[in-house]
2 protein chains.
Amino acid sequence: MNPKKVPESTISRLFVYLREVIELTRMSINTISSAELGERTNLSDTQVRKDLGYFGQFGVSGSGYNTHELKSQLEKILGKDKVWNVAVVGAGHLGRALLAYPGFQNHGLNIMAAFDIDAKKVDKQVNDIAIKSLDDAPRVIKEKNISIGIIAVPAKEAQDVANRLVSAGIECILNFAPVSLTVPEHVKIKDVDLSRELETLSYFLANKKNN
Amino acid sequence: MNPKKVPESTISRLFVYLREVIELTRMSINTISSAELGERTNLSDTQVRKDLGYFGQFGVSGSGYNTHELKSQLEKILGKDKVWNVAVVGAGHLGRALLAYPGFQNHGLNIMAAFDIDAKKVDKQVNDIAIKSLDDAPRVIKEKNISIGIIAVPAKEAQDVANRLVSAGIECILNFAPVSLTVPEHVKIKDVDLSRELETLSYFLANKKNN
DNA sequence: TGGTGTGAATGCCTTCACAGCG
DNA sequence: CGCTGTGAAGGCATTCACACCA
C-alpha cells in the first residue's frame with residue numbers, strides 16, 4: 001500500500017511528533033513548521049519533513065502544518081483508534097513498576113493481566129490487577145484477547161516464559177530480560193536491556209578521558 | 001588510537017558477547033567459534049568477527065576463540081576494571097525498581113544515591129539507600145563522585161532535573177522520561193522510552209493484518 | 001519570503017566473498 | 001579443511017540542495 005518502505009526509526013519518531021502535536025493543540029497553537037517541531041523534539045527540520053512525507057502531504061507551503069490535522073493524521077497512521085491488551089509476566093520490582101506505569105493507559109495499551117511463578121506473589125493485587133500463576137496464562141491470554149506480552153523475569157526463566165507466551169498466542173513481546181530470545185518468525189520481539197544501556201554509558205565515560 | 005571508527009552498535013554488542021563468554025567460561029567451555037557465539041546471541045558469524053576485528057585479532061584460524069582470553073580482552077576493551085557511581089532521581093515505582101535492580105552491581109555500576117522532590121518520600125530507605133531531597137543533589141553528587149544520573153521522574157520535571165544534574169557535574173544521563181532533553185554538548189544522554197517501545201509494537205500489530 | 005516536498009549525495013553499518021592461516 | 005580477518009559491495013537512513021508553492 002505504501003509506495004516506499006518506511007524505516008522503523010521513522011515510525012518510532014512519529015510517536016514523538018504525535019506527543020508534541022497533542023501538547024501543541026492543548027496550548028491552542030494551530031500551526032507549526034517542521035523547524036519548530038524539530039527543535040522541540042531535538043530533530044532536524046529535514047528529518048521531520050521526510051518522515052511525514054512517507055505518508056502524504058500534510059503541510060502548507062510558507063506556513064507549516066496545521067496541528068489539529070497533523071494530530072488526527074498521525075493518530076490514523078499509527079493506529080491510535082485501536083486498543084491492545086497487554087500481559088506482564090514477572091511481578092518483581094520491575095514488573096510491578098510496569099503495572100503501575102501511568103504512561104500506557106493513554107496510549108491504547110491496557111494491561112489486563114499479570115503472572116508470576118512464585119506462589120507467594122500469586123493472588124496479590126497490584127494496581128487493581130490480580131497476579132495469577134503462570135500456569136493460568138494460556139487460558140487468560142485467550143479469554144482476555146491479549147496480544148502483547150511483557151517479559152520481566154530473570155534471564156534464566158525468560159526463554160521458557162517466551163515459549164509459553166508464544167504457544168498461548170501472543171504476537172508481540174517486549175523483553176526486559178538480558179538474553180537473546182528465540183521465537184518463531186511471526187512473533188515480533190523488542191528488547192529493552194537496562195544494564196546494557198547503562199554499561200554503554202560507562203564505556204563512554206571510560207573512553208572520554210583518553211581523547 | 002583506534003585506526004577505524006567503531007560503530008556504537010558494535011560497542012553495545014560487545015557487552016552481549018562478554019555476558020555470553022562469561023557464561024561459557026563458567027561452563028568450562030574453552031573454545032568457541034564466531035558461528036556458535038553468533039547463534040547464542042542471535043547474530044551472524046560475520047557480525048561477531050567484524051565487531052571483534054575492530055580491536056585486534058583474538059581468534060585462532062580453524063579453531064575459534066579462546067573463551068578465557070576473549071573474556072579478559074572484552075573486559076579490558078569495555079573498561080570493566082573501572083567502577084562508576086550512579087544516582088537515581090525520582091523514587092516512584094520505576095525509580096525504586098531501578099534501585100532494587102540486581103543487574104547493575106555486577107557490572108561496575110554502583111547506585112550510590114537517590115533523590116526525590118516529594119518530602120513524603122525523603123529519608124525513606126530503599127534497598128539500603130536513603131532517598132534524599134533533590135536540593136541535596138549537587139553536594140552529594142560531588143561528595144560521592146557520581147558521574148551517571150538516571151532520570152525517572154514525570155515528563156514535566158525531567159528538563160529541570162537534567163539541568164540540575166548537569167550543573168552538579170554529571171557527565172552521562174539515562175533518561176526514562178518521555179521527552180527530548182536538551183543538555184550541553186559534553187553530556188552524553190541516552191533515552192529509554194518505555195511507552196514508545198510498546199507503541200511501536202502496537203503499530204506493528206495494527207499493520208500486520210493488512211498484509 | 002518563508003515555508004514544504006523530494007531526488008541525489010552522503011555516511012554508516014551490515015553482509016558478502018574470499019584470501020590466508022593453523 | 002575449518003575458521004578467522006578483512007576489503008568490497010550493498011542496503012538503509014539521514015542530510016543536502018533545490019524546485020516549487022502560497
Side-chain angles (χ1 to χ4, degrees), chain A residues 2-17 20-21 24 29-71 73-74 77 180 191 200 203-204, chain B residues 2-17 20-21 24 29-71 73-74 77 180 191 196 200 203:
Chain A
N2 292 324
K4 274 168 198 169
K5 227 200 100 209
V6 182
E8 188 150 336
S9 39
T10 290
I11 301 300
S12 181
R13 283 190 297 267
L14 291 184
F15 286 103
V16 178
Y17 303 146
E20 200 57 48
V21 169
L24 290 166
I29 294 172
N30 298 316
T31 300
I32 186 127
S33 69
S34 60
E36 289 173 274
L37 187 52
E39 194 160 346
R40 284 166 168 275
T41 51
N42 281 340
L43 296 163
S44 71
D45 56 337
T46 335
Q47 183 80 81
V48 173
R49 293 201 299 279
K50 196 62 352 135
D51 286 340
L52 298 177
Y54 285 107
F55 299 92
Q57 291 155 232
F58 316 126
V60 179
S61 294
S63 107
Y65 299 84
N66 178 292
T67 53
H68 303 278
E69 197 207 322
L70 189 52
K71 172 171 176 283
Q73 289 285 355
L74 285 172
I77 293 164
S180 315
D191 293 304
T200 314
Y203 171 84
F204 165 82
Chain B
N2 292 323
K4 274 170 197 167
K5 227 200 99 210
V6 182
E8 187 151 336
S9 40
T10 289
I11 301 300
S12 181
R13 282 189 298 268
L14 291 185
F15 286 102
V16 178
Y17 303 145
E20 200 58 45
V21 169
L24 290 167
I29 294 172
N30 299 315
T31 301
I32 187 130
S33 69
S34 59
E36 289 172 276
L37 187 51
E39 193 161 349
R40 283 167 168 274
T41 51
N42 281 341
L43 296 162
S44 72
D45 57 335
T46 336
Q47 182 81 82
V48 172
R49 292 200 301 279
K50 216 354 60 115
D51 286 340
L52 298 177
Y54 285 107
F55 299 92
Q57 291 156 231
F58 317 125
V60 179
S61 295
S63 107
Y65 300 84
N66 178 292
T67 53
H68 304 276
E69 197 208 322
L70 190 51
K71 172 170 174 285
Q73 289 286 356
L74 285 171
I77 294 164
S180 315
D191 294 303
R196 210 162 124 206
T200 314
Y203 171 84

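Naming: A, B, ... by sequence-line order, numbering from 1 per chain.
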Quickly work out the [X] [atom1] to [N] [atom2] distance and round it to whole Å.
X	N	atom1	atom2	answer
B/Tyr54	D/dT6	OH	P	11 Å
A/Ile32	C/dG2	CD1	C1'	15 Å
A/Glu8	D/dC12	CD	C1'	12 Å
A/Tyr17	C/dT4	OH	C1'	14 Å
A/Leu70	C/dT4	CG	C1'	13 Å
B/Phe58	D/dG5	CZ	P	8 Å

- Nearest nucleotide by nearest heavy atom, which residue falls closer to the 5' end of DNA chain D, B/Asp45 or A/Asp51?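 The residue closer to the strand's 5' end, by nearest nucleotide, is B/Asp45.
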
- Residue B/Ser33, side-chain atoms from C-beta onward, closest of D/dA13, C/dT4, D/dC3: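 The answer is D/dC3.
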
Has [X] got a side-chain N or O lying under 4.0 Å from the OP1 or OP2 atom of [N]?
X	N	result
B/Arg49	D/dG5	no
A/Ser44	D/dT15	yes
A/Tyr65	C/dG5	yes
A/Gln47	D/dT15	yes
B/Gln57	D/dT6	yes
B/Ser34	D/dT4	yes

Classify [X] by what it touches in the nucleic acid, base, sugar-phosphate, or nothing, heavy-atom distance under 4.0 Å.
X	value
A/Gly59	sugar-phosphate
B/Gly62	base
A/Ser9	sugar-phosphate

- Do A/Tyr65 and A/Leu52 come within less than 4.5 Å of each other through their side chains, counting heavy atoms only? yes

- Show your working on side-chain contact (heavy atoms from CB on, under 4.5 Å) between A/Ile32 and A/Glu20 and close with a plain yes or no. CA-CA 11 Å; A/Ile32 186 127; A/Glu20 200 57 48; over 6 Å; no

- Task: Go through the steps to decide whether B/Arg196 and B/Asp191 satisfy the test side-chain contact (heavy atoms from CB on, under 4.5 Å), and finish with yes or no.
- Result: CA-CA 11 Å; B/Arg196 210 162 124 206; B/Asp191 294 303; 5.7 Å; no

- Passing option when A/Ser34 is tested against A/Arg49, A/Gln47, A/Lys50 for side-chain hydrogen bond (donor to acceptor under 3.5 Å, both in side chains):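 Output: one option passes, namely A/Arg49.
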
- Between the side-chain atoms of B/Lys5 and the base atoms of C/dG11, is any donor-acceptor pair under 3.5 Å? no

- Message: Reading DNA chain C from 5' onward, which residue's closest nucleotide shows up sooner: A/Val60 or A/Lys50?
- Response: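 Final value for this comparison: A/Val60.
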
- Message: Determine whether B/Ile11 and A/Phe204 satisfy the following criterion, side-chain contact (heavy atoms from CB on, under 4.5 Å), listing intermediate values before the conclusion.
- Response: CA-CA 10 Å; B/Ile11 301 300; A/Phe204 165 82; over 6 Å; no

